[in-house]
There are 2 protein chains.
Amino acid sequence: MTAKRGDLFDPDCPTRRLLDRIGTKWTSMAVKVLADADPGEVRFAELQRRMPGVSQKMLSTTLQSLTRDGLVARRVEPTVPPKVHYSLTDLGRSLEVPLSALREWAEQHMAAIDTGR
Amino acid sequence: MTAKRGDLFDPDCPTRRLLDRIGTKWTSMAVKVLADADPGEVRFAELQRRMPGVSQKMLSTTLQSLTRDGLVARRVEPTVPPKVHYSLTDLGRSLEVPLSALREWAEQHMAAIDTGR
DNA sequence: CAGGATCCGTGTTGATACTG
DNA sequence: CAGTATCAACACGGATCCTG
């Protein structure tokens, strides 16, 4: 609130806080998997299947964080056993725009970066 | 090459590797400071002055990483004492485009995220 | 002036086991 | 199925001292 807009040097700078979130190991991958999901909704186990290497704990933590931040919606079917569906919110989808721009840049230039070293 | 444990989700995931870099604590700030720099070149001590809170070690580490990746150029004046100038490369400047889009998103939506919790 | 070397606290990640 | 709980390992970041 009192932080100046665009002030990267403020500890509460929004850009840094955003990068703290999408920069964590599994967040960006989860967002992409959800964005690419065919029905829009993906269940927990299916998410884990599409994110090779993620542990249950980390997937759970990641999804909780994204849900708290309003980027992901969580819908529970109270069946036995329960089914939990995750999907991007409007906010999450809006993040996809700059994020996909970043992905394009990454895909175009990271190879050059690797060979350059 | 033998696959290492933990990161075999996709042998080529440039996006995550990019986020690993710009998601670290000081990288995005360094890029922005260099992008906004008036003469384009900034010396080590000046960079540290413009990045409140960064330690010598972290600034050094950050700049080495950026330099290895070809995002930052390092120019040394062999004087005594030496002067080292840092600047963005063309590649670094091209990253500024998607990165500034991300900054705009952050400034517009992070407040909503905070209030939403 | 620029940055390397070292030590260390802390947070994040991960493996494993357990539960409603 | 969809998590939670616990413990251990490790990388990150910070403080400090040292050097060409």
Side-chain angles (χ1 to χ4, degrees), chain A residues 8-9 11 13 16-30 33-34 37 39 41-69 72-87, chain B residues 3-9 13 16-30 33-34 37 39 41-69 72-87:
Chain A
L8 263 178
F9 318 123
C13 157
R16 272 175 63 173
R17 307 221 337 279
L18 174 64
L19 285 174
D20 278 348
R21 289 184 161 81
I22 66 173
T24 58
K25 188 160 188 178
W26 302 105
T27 306
S28 64
M29 200 193 301
V33 167
L34 287 172
E41 278 193 335
V42 186
R43 292 178 57 189
F44 188 91
E46 179 63 18
L47 270 173
Q48 192 175 13
R49 207 178 58 73
R50 297 191 194 181
M51 295 166 60
V54 73
S55 65
Q56 281 188 333
K57 186 186 106 176
M58 288 319 296
L59 181 54
S60 179
T61 303
T62 301
L63 290 171
Q64 281 174 11
S65 185
L66 286 169
T67 303
R68 265 200 313 274
D69 290 342
V72 161
R74 184 177 183 272
R75 183 173 68 83
V76 183
E77 274 187 66
T79 56
V80 176
K83 301 181 180 178
V84 182
H85 306 261
Y86 291 92
S87 58
Chain B
K4 292 193 198 86
R5 39 168 264 184
D7 54 6
L8 351 123
F9 46 93
C13 182
R16 235 195 63 68
R17 308 218 339 278
L18 175 63
L19 284 174
D20 276 349
R21 290 182 162 82
I22 67 173
T24 57
K25 188 161 189 180
W26 302 105
T27 306
S28 64
M29 200 195 299
V33 166
L34 287 172
E41 279 193 334
V42 186
R43 293 178 57 188
F44 188 91
E46 179 63 18
L47 270 172
Q48 191 174 14
R49 207 177 58 74
R50 297 191 195 180
M51 297 167 60
V54 73
S55 66
Q56 280 188 333
K57 185 185 110 178
M58 290 320 296
L59 181 55
S60 179
T61 303
T62 300
L63 290 170
Q64 281 173 12
S65 186
L66 286 169
T67 303
R68 264 200 313 273
D69 290 341
V72 161
R74 184 176 183 272
R75 183 173 68 83
V76 182
E77 276 186 63
T79 57
V80 177
K83 300 181 181 180
V84 182
H85 306 262
Y86 292 93
S87 57

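So you know, we letter chains A, B, ... as the sequences are listed, proteins then strands, and number each from 1.
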task = Would you indicate, yes or no, if D:dC1 has its OP1 or OP2 atom less than 4.0 angstrom from a side-chain nitrogen or oxygen of A:Arg49?
result =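 Result: no.
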
| message | Taking only side-chain N and O atoms of A:Gln48, does any of them lie within less than 4.0 angstrom of OP1 or OP2 on D:dC1? | response |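 Result: no.
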
Protein heavy-atom contacts under 4.0 Å, written 5' to 3' over nucleotides 7-17 of chain D as B (base), S (sugar-phosphate only) or - (none), form the string ------BBB--

Grab the two heavy atoms, one from A:Pro82 and one from A:Arg43, that are nearest each other, plus how far apart they are.
->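 Closest approach of A:Pro82 to A:Arg43, heavy atoms only: O-NH2, 4.2 Å.
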
Separation of C:dA15 P from A:Leu59 CG (nearest whole Å) |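 One finds 14 Å between P of C:dA15 and CG of A:Leu59, rounded.
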
### Message
Any base atoms under 4.0 Å from B:Glu46, or only sugar-phosphate, or nothing? Heavy atoms, all strands.
### Response
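Nothing, no nucleic acid heavy atom in range.
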
(Q) Nearest to the A:Ser60 side chain among D:dA2, C:dG3, D:dT4, which nucleotide is it? (A)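 So the nucleotide nearest the side chain must be D:dT4.
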
Could you tell me how far apart B:Arg75 (CZ) and C:dG3 (C1') are, to the nearest whole angstrom?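 Between C1' of C:dG3 and CZ of B:Arg75: 18 Å.
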
Whole-Å gap separating C1' (C:dA2) and CZ (B:Phe44):
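Taking atom C1' of C:dA2 as the reference, CZ of B:Phe44 is at 6 Å.
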
Is B:Tyr86 close enough to C:dC1 that one of its side-chain N or O atoms is under 4.0 Å from OP1 or OP2 there?
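No, outside the criterion.
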
*asked:* In whole Å, I'd like the distance from the CG atom of B:Asp20 to the C1' atom of C:dT12.
replied: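 Whole-Å distance recorded here is 13 Å.
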
- Message: It should be established whether A:Arg43 places a side-chain nitrogen or oxygen under 4.0 Å from OP1 or OP2 of nucleotide D:dC1.
- Response: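 Indeed not, no polar side-chain atom of A:Arg43 lies that close.
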
### Task
Considering only NZ, NE, NH1 and NH2 on the basic side and carboxylate oxygens on the acidic side, decide whether A:Asp20 and A:Arg16 come within less than 4.0 Å.
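No salt bridge links A:Asp20 with A:Arg16.
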
Could you state the atom-to-atom distance from CE of B:Met51 to P of C:dG3 in whole Å?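 After rounding, the gap between these two atoms is 13 Å.
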
Let me see the working for B:Thr62 and B:Thr24 under side chain to side chain contact (heavy atoms under 4.5 Å, CB included), right down to the final yes or no. CA-CA 9 Å; B:Thr62 300; B:Thr24 57; 5.7 Å; no

Roughly how far, to the nearest 0.5 Å, is CE of B:Met51 from CG of B:Leu59?
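Those atoms lie 5.5 Å apart.
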
Tell me whether A:Ser65 contacts the main-chain N or O of A:Thr61 through its side chain, where contact means a donor paired with an acceptor under 3.5 Å.
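No: the side chain of A:Ser65 does not pair with the backbone of A:Thr61.
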
Kindly give the heavy-atom pair with the smallest separation between A:Ala37 and A:Val42, and that separation in Å.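 Distance-wise, the nearest heavy atoms are CB-CG2, 3.3 Å.
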
| query | Which whole-number value in Å describes the distance from A:Arg74 CZ to D:dA2 C1'? | reply |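 These atoms are roughly 8 Å apart.
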
Review point. Between D:dC1 atom C1' and A:Glu77 atom CD, what is the distance in whole Å?
Key: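 Going from CD in A:Glu77 over to C1' in D:dC1 covers 12 Å.
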
Practice item. Look only at the side chain of B:Ser60 and the backbone of B:Gln56, and say whether a donor-acceptor pair between them is shorter than 3.5 Å. Key: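 Pair absent, no side-chain N/O of B:Ser60 close to backbone of B:Gln56.
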
Between atom CG in A:Leu63 and atom P in D:dA2, what is the gap in whole Å?
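In whole Å, D:dA2 P and A:Leu63 CG are 11 Å from each other.
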
